[in-house]
Trainee: 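Here's a structure for you.
From a predicted model like this one, the values you see are computed outputs, not experimental measurements.
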Amino acid sequence: MSWPRLVLALTARSLVNPANGVSLIRIGWRFRRRGWMLRPPFLPLPDRAYLRWRMYTAYGDEHAIPPPTDVIRYARWATRGP
């Protein structure tokens with residue numbers, strides 16, 4: 001799977017279950033790069049080095065692409081209330 005396919009799969013799952021979409025948006029906002037509005041493409045995207053580190057710590061490979069179920073499970077876990 002590629003990163004664009006992962007985004008497409010997560011978008012599709014968000015359309016089916018809007019609660020997933022809300023969780024994914026909240027997580028995406030937390031992962032945004034600092035100063036994103038000062039550098040092209042002026043989108044709140046995560047820093048590539050940070051993503052590589054997250055993939056390495058989670059999957060043992062900095063080039064891993066997580067399955068959609070793992071991303072949704074993490075997003076739901078990280079955004080649930082106390």
Side-chain angles (χ1 to χ4, degrees):
M1 179 173 282
S2 65
W3 285 104
R5 286 188 70 188
L6 174 63
V7 171
L8 186 62
L10 292 173
T11 302
R13 291 184 186 207
S14 296
L15 293 173
V16 172
N17 185 349
N20 287 342
V22 171
S23 296
L24 290 168
I25 288 171
R26 290 177 67 192
I27 286 300
W29 189 250
R30 288 182 191 177
F31 276 54
R32 72 192 181 280
R33 176 179 50 200
R34 293 179 191 215
W36 62 269
M37 71 294 287
L38 303 174
R39 287 179 240 139
F42 309 111
L43 297 171
L45 300 172
D47 185 47
R48 287 183 181 175
Y50 179 69
L51 272 182
R52 284 194 303 267
W53 176 78
R54 293 290 297 195
M55 293 304 102
Y56 181 75
T57 58
Y59 298 101
D61 178 12
E62 65 182 28
H63 301 293
I65 299 173
T69 53
D70 284 1
V71 177
I72 290 172
R73 188 179 310 127
Y74 171 74
R76 296 297 298 259
W77 172 81
T79 59
R80 72 176 168 202

Trainee: Of all the heavy-atom pairs spanning Ser2 and Ile65, show the shortest one and how long it is.
Mentor: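 Closest approach of Ser2 to Ile65: CA-CD1, 3.6 Å.
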
Trainee: Going from CH2 on Trp36 to CG on Leu45, what distance comes out if it is rounded to the nearest 0.5 angstrom?
Mentor: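 Here the interatomic distance stands at 9.0 Å.
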
Trainee: Nearest heavy-atom pair of Thr79 and Ser23: which atoms, and what distance?
Mentor: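 Shortest heavy-atom contact: OG1-OG, 3.2 Å.
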
Trainee: Find the distance between CZ (Arg52) and OG1 (Thr57) and round it off to the nearest 0.5 Å.
Mentor: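 Between Arg52 CZ and Thr57 OG1, I get 13.0 Å after rounding to 0.5 Å.
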
Trainee: Distance under 6.0 Å and angle within 45° of the ring axis: does Arg32 meet both against Trp29?
Mentor: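 Verdict for Trp29: a cation-pi partner in Arg32.
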
Trainee: Are the side chain of Arg30 and the backbone of Ala78 linked by a donor-acceptor contact shorter than 3.5 Å?
Mentor: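 It does hold such a pair.
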
Trainee: If we only count heavy atoms from C-beta on, is the Pro66 to Trp3 side-chain gap below 4.5 Å?
Mentor: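 Side-chain contact under 4.5 Å: yes.
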
Trainee: Run the side-chain hydrogen bond (donor to acceptor under 3.5 Å, both in side chains) test against Arg5 and tell me which residues pass, sequence neighbours left out.
Mentor: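 Arg5 satisfies side-chain hydrogen bond (donor to acceptor under 3.5 Å, both in side chains) with no other residue.
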
Trainee: Over all heavy atoms of both residues, which pair between Met37 and Phe42 is shortest? Give the atoms and the distance, please.
Mentor: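 Where Met37 meets Phe42 most closely, the heavy atoms are O-CD2, 3.3 Å.
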
Trainee: For residues 11-21, dump all side-chain donor-acceptor pairs below 3.5 Å to protein atoms at least two apart in sequence or in another chain.
Mentor:
| residue | atom | partner | partner atom | Å |
| --- | --- | --- | --- | --- |
| Thr11 | OG1 | Val7 | O | 2.8 |
| Ser14 | OG | Leu10 | O | 2.8 |
| Asn17 | OD1 | Ala19 | N | 3.2 |
| Asn20 | OD1 | Arg76 | NH1 | 2.9 |

Trainee: Is there side-chain contact between Arg54 and Glu62, with heavy atoms separated by less than 4.5 Å?
Mentor: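 No - every pair of side-chain heavy atoms lies 4.5 Å or more apart.
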
Trainee: Among Ile, Leu, Val, Met, Phe, Trp and Tyr joined by side-chain contacts under 4.5 Å, find the other residues sharing a cluster with Tyr74 and list them by chain and number.
Mentor: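 Its cluster partners, ordered by chain and number, are Ile27, Phe31, Tyr50, Trp53, Trp77.
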
Trainee: Atom CE in Met1, atom CG in Leu6: separation rounded to 0.5 Å?
Mentor: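 Between Met1 CE and Leu6 CG, I get 6.0 Å after rounding to 0.5 Å.
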
